[in-house]
**Q** 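First the structure, then my questions, so here it is.
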Amino acid sequence: MQHVTGFLTSRQRRIAWIGFVIAALHAPVSASLTTDASWLFAVVVAMLVAVVIIADDSERRRPQTQE
C-alpha cells in the first residue's frame with residue numbers, strides 16, 4: 001500500500017481550496033463595487049493560496065522512496 005502524503009493534511013487542503021474559491025470570487029465582486037484598486041489584494045491572496053495547493057499537489061505526486 002502506497003501512502004500519499006504532502007505537507008498539507010486533508011483538512012488543511014480542503015480549507016485552502018475554500019479560501020482560494022472565496023478570494024477568487026471576492027476579487028471581481030469587489031472590483032465592481034469599489035473605485036480603488038483594493039480588489040488586487042484578493043487576487044494576490046488567491047494566487048498565493050493557489051501556489052500552496054500546487055506545491056502540495058507536486059509533493060503528493062512525487063514518488064515515495066523506500067527506507
Side-chain angles (χ1 to χ4, degrees):
M1 184 171 128
Q2 187 178 19
H3 183 65
V4 179
T5 178
F7 55 85
L8 293 177
T9 64
S10 62
R11 182 168 190 241
Q12 289 172 331
R13 188 172 170 80
R14 191 175 320 115
I15 291 170
W17 271 106
I18 291 169
F20 171 75
V21 170
I22 289 171
L25 293 175
H26 177 267
V29 171
S30 179
S32 66
L33 296 177
T34 62
T35 58
D36 60 356
S38 62
W39 58 272
L40 283 173
F41 183 70
V43 172
V44 171
V45 169
M47 289 176 14
L48 288 172
V49 173
V51 167
V52 170
I53 293 171
I54 291 170
D56 185 61
D57 276 346
S58 68
E59 183 72 25
R60 288 174 185 265
R61 295 175 199 269
R62 182 172 295 158
Q64 299 291 323
T65 58
Q66 297 292 330
E67 292 185 17

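Model, not experiment: these values are computed from the prediction.
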**Q** Which distance, rounded to the nearest 0.5 Å, do you find between the CD of E59 and the CD1 of I54?
**A**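 It is 14.5 Å, given to the nearest 0.5 Å.
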
**Q** Linking I/L/V/M/F/W/Y whenever any side-chain heavy atoms sit under 4.5 Å apart, do F7 and I53 land together?
**A**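 No; tracing contacts between hydrophobic side chains, which count when under 4.5 Å, never links both residues.
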
**Q** Are the side chains of V52 and L48 in contact, using a 4.5 Å heavy-atom criterion?
**A**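 Not in contact.
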
**Q** What's in the same ILVMFWY side-chain cluster as V51, cut-off under 4.5 Å, chained through other members?
**A**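 Listed partners: none, V51 stands alone.
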
**Q** I need the minimum non-hydrogen distance between A55 and S58, along with the two atoms involved.
**A**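 The answer is O-OG, 2.8 Å.
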
**Q** Should L25 and W17 be counted in the same cluster of Ile, Leu, Val, Met, Phe, Trp and Tyr side chains packed under 4.5 Å apart?
**A**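 Yes, one cluster joins them.
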
**Q** Is the backbone N or O of S30 less than 3.5 Å from a side-chain atom of T34, with the two atoms forming a donor-acceptor pair by type?
**A**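 At least one qualifying donor-acceptor pair exists.
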
**Q** Identify the two heavy atoms, one from A16 and one from V49, that lie closest to each other, and give their separation to 0.1 Å.
**A**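 In this case the closest contact between A16 and V49 is O-CG1, 3.2 Å.
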
**Q** Taking ILVMFWY side chains as joined if any heavy atoms are under 4.5 angstrom apart, and letting links pass through other members, which residues group with M47?
**A**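 The other cluster members (ILVMFWY side chains, heavy atoms under 4.5 Å, direct or chained) are W39, L40, V43.
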
**Q** Which heavy atom in A24 sits nearest to a heavy atom in A46, and how many Å separate them?
**A**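 That closest heavy-atom pairing would be N-CB, 4.1 Å.
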
**Q** So do R14 and L8 actually touch side chain to side chain, heavy atoms under 4.5 Å?
**A**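 Result no, sub-4.5 Å side-chain heavy-atom pair not found.
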
**Q** Should side-chain heavy atoms under 4.5 Å link Ile, Leu, Val, Met, Phe, Trp and Tyr, which residues sit in the same cluster as I22?
**A**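 I18, all in the cluster of I22.
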
